[in-house]
4 protein chains.
Amino acid sequence: MLNRVVLVGRLTRDPELRYTPNGVAVTNFTLAVNRTFSNKQGEREADFINCVVWQKPAENVANYLKKGSLAGVDGRIQTRSYDNNEGRKVFITEVVAESVQFLEPRGANSGQGNESYGGPSSMGNNDYGKQQNRSSGSFNNDPFANDGKPIDISDDDLPF
Amino acid sequence: MLNRVVLVGRLTRDPELRYTPNGVAVTNFTLAVNRTFSNKQGEREADFINCVVWQKPAENVANYLKKGSLAGVDGRIQTRSYDNNEGRKVFITEVVAESVQFLEPRGANSGQGNESYGGPSSMGNNDYGKQQNRSSGSFNNDPFANDGKPIDISDDDLPF
Amino acid sequence: MLNRVVLVGRLTRDPELRYTPNGVAVTNFTLAVNRTFSNKQGEREADFINCVVWQKPAENVANYLKKGSLAGVDGRIQTRSYDNNEGRKVFITEVVAESVQFLEPRGANSGQGNESYGGPSSMGNNDYGKQQNRSSGSFNNDPFANDGKPIDISDDDLPF
Amino acid sequence: MLNRVVLVGRLTRDPELRYTPNGVAVTNFTLAVNRTFSNKQGEREADFINCVVWQKPAENVANYLKKGSLAGVDGRIQTRSYDNNEGRKVFITEVVAESVQFLEPRGANSGQGNESYGGPSSMGNNDYGKQQNRSSGSFNNDPFANDGKPIDISDDDLPF
DNA sequence: TTTT
DNA sequence: TTTT
């Protein structure tokens, strides 16, 4: 059935790349999407929308986007539930991003240098171009330095 | 910023119409949206997506749709939080339906009669046509019989 | 870049299934999508939107839908041009349907029998279930009886 | 009925602001939306999608966007026809933008100065903030210098 | 060239 | 008639 979501917003923090036990890449991130209208205090609030992205685009997101990056997402809404450590069922609504578009030059929104830039790039499911890791200095403060470690996401969650 | 959702699915139960203290109509409903792919057990799961609709379309939804009705929604994702009775912050992600389309003849999906039908009808924000209440028998088991009672929804939640 | 379209409407005529020289199925159809607002004469007009669908879903559309069928489309806008027989460039804007959802029981909207029906079915790209031909009587008045004939669509138009 | 389009792309030329005889602003522009996949020559093509926007957002588009600007559009597909000067019916498919989001700092993409910038701004129908004209120098080479002139768009085309 |  |  039809289930389609399109968002443009900014990452609220650096994306988190993980791997399932089977080695499938998953990245979680939250988009802050500013509302187009103001509340009665005259402020523009935002919606904070949790997103997941799988496989190659997951790695692209982790490599190209960081806190504050402007990105577009095309995907679908997914709901799931799990039992938390108090034995209570927790319901989750999130967006499964099928493609993510990077809407800013790489290096924008950073204190560092501004590499030359050929326009926003799309990182869809059918986009398997090469990529480089963002952290390039001698100190590695990349939050995903230990990416390769498998984690506690069941392969049953895979939407493919 | 762009925040757009389009869904087609079936109501998981009768919609719940309420009124804010200021008399604004709000209806909550959940759409079951079947996935287009199967899990590894070969079953097609569904996503259960909570929706809210305000004002006139809220009343239309309550009047025209019921458990099992097939409907289309065009809206946006909204997130909000509240403190539950244990003093814990609960985060909510839901769809604010800006327009709802009824995709079945009125009376379809019911044990009762099948009134004549001129096709699916849209109940957008700019659709202020007349309407009648669905419950028509002598027994009134309409769960919204006491609709008119104001309830615990703050007018601060209004997106307009 | 983001390019997403979602439509719900009715086919203005029976869909037309063709095959490219390489044997790839393509179906063209037009959706009449009623506007949710009225013009100043108080009439509700419609938009007539040309759609194309490729491969397996193309065959599903041809088999399951006909003039008047209610359908949902999830896809993208495509533009192209060709030189007509007067040597003039003609510009085309159409929707490439990536998935098509059948929103009515099979046999609805027909003078004939009403087969039992388990709800609307989706015919997405990842939906390769079996199918049967719609015409089942001894007279074959299927407009696509000579489907297998290759036609004048270049394989260069394939979006994959 | 559902009719929803979301696009992100770049303007192929400066937008054209006009006024109807009744003084309603209309702006036309074309978005080049790059495809996320490549053709068999390995090139990434684009779709060139004609858009119209009405009223206040029409003026915002004319003031804030120009050739090359990156913009997001949320709207619907509209079809219409007219008789050309050879007495032939011409069919038009275009996107009516209900809201337009400016995805670049003002002054980006230009040879001139780079005004300070607080992020992309949305110019939806409910966004009636102040605006200034882009051309600020002593020479006025603004292509819309004679904006105020009514033109040959019938008020019958208004979607509101 | 248009559907219910 | 096309953008980066």
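Proteins come first, then strands; the chains are lettered A, B, ... in the order of their sequence lines, and each starts at number 1.
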Interatomic distance, [X] [atom1] vs [N] [atom2] [rounded to whole Å]:
X      : N     : atom1 : atom2 : value
C/E43  : E/dT4 : CD    : C1'   : 16 Å
D/I77  : E/dT2 : CD1   : P     : 19 Å
D/L31  : F/dT3 : CG    : P     : 13 Å
D/R88  : E/dT1 : CZ    : P     : 13 Å
C/K66  : E/dT4 : NZ    : P     : 10 Å
B/E104 : E/dT4 : CD    : P     : 18 Å
D/I92  : E/dT2 : CD1   : C1'   : 17 Å
D/N34  : F/dT4 : CG    : P     : 10 Å

Closest approach to the side chain of [X], judged atom by atom: which nucleotide of [options] is it?
X     : options             : answer
C/A46 : F/dT3, E/dT3, F/dT1 : E/dT3
D/K89 : F/dT3, E/dT1, E/dT3 : E/dT1
C/T12 : F/dT2, E/dT2, F/dT4 : E/dT2
C/F91 : E/dT4, F/dT1, F/dT4 : F/dT1
D/N50 : F/dT2, F/dT3, E/dT2 : F/dT2

Residues forming a side-chain hydrogen bond (donor to acceptor under 3.5 Å, both in side chains) with C/E43, sequence neighbours excluded: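 C/E43 satisfies side-chain hydrogen bond (donor to acceptor under 3.5 Å, both in side chains) with C/N39 once adjacent residues are dropped.
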Closer than 4.0 angstrom, basic N to acidic O: yes or no for D/R4 and B/E98?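 No, no charged N to carboxylate O under 4.0 Å.
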Has the side chain of C/D14 got a donor or acceptor atom that lies under 3.5 Å from a matching backbone atom of C/K66?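 No; zero donor-acceptor contacts below 3.5 Å.
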C/V52 versus C/T27: any side-chain heavy-atom pair under 4.5 Å?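 No; the side chains remain at least 4.5 Å from each other.
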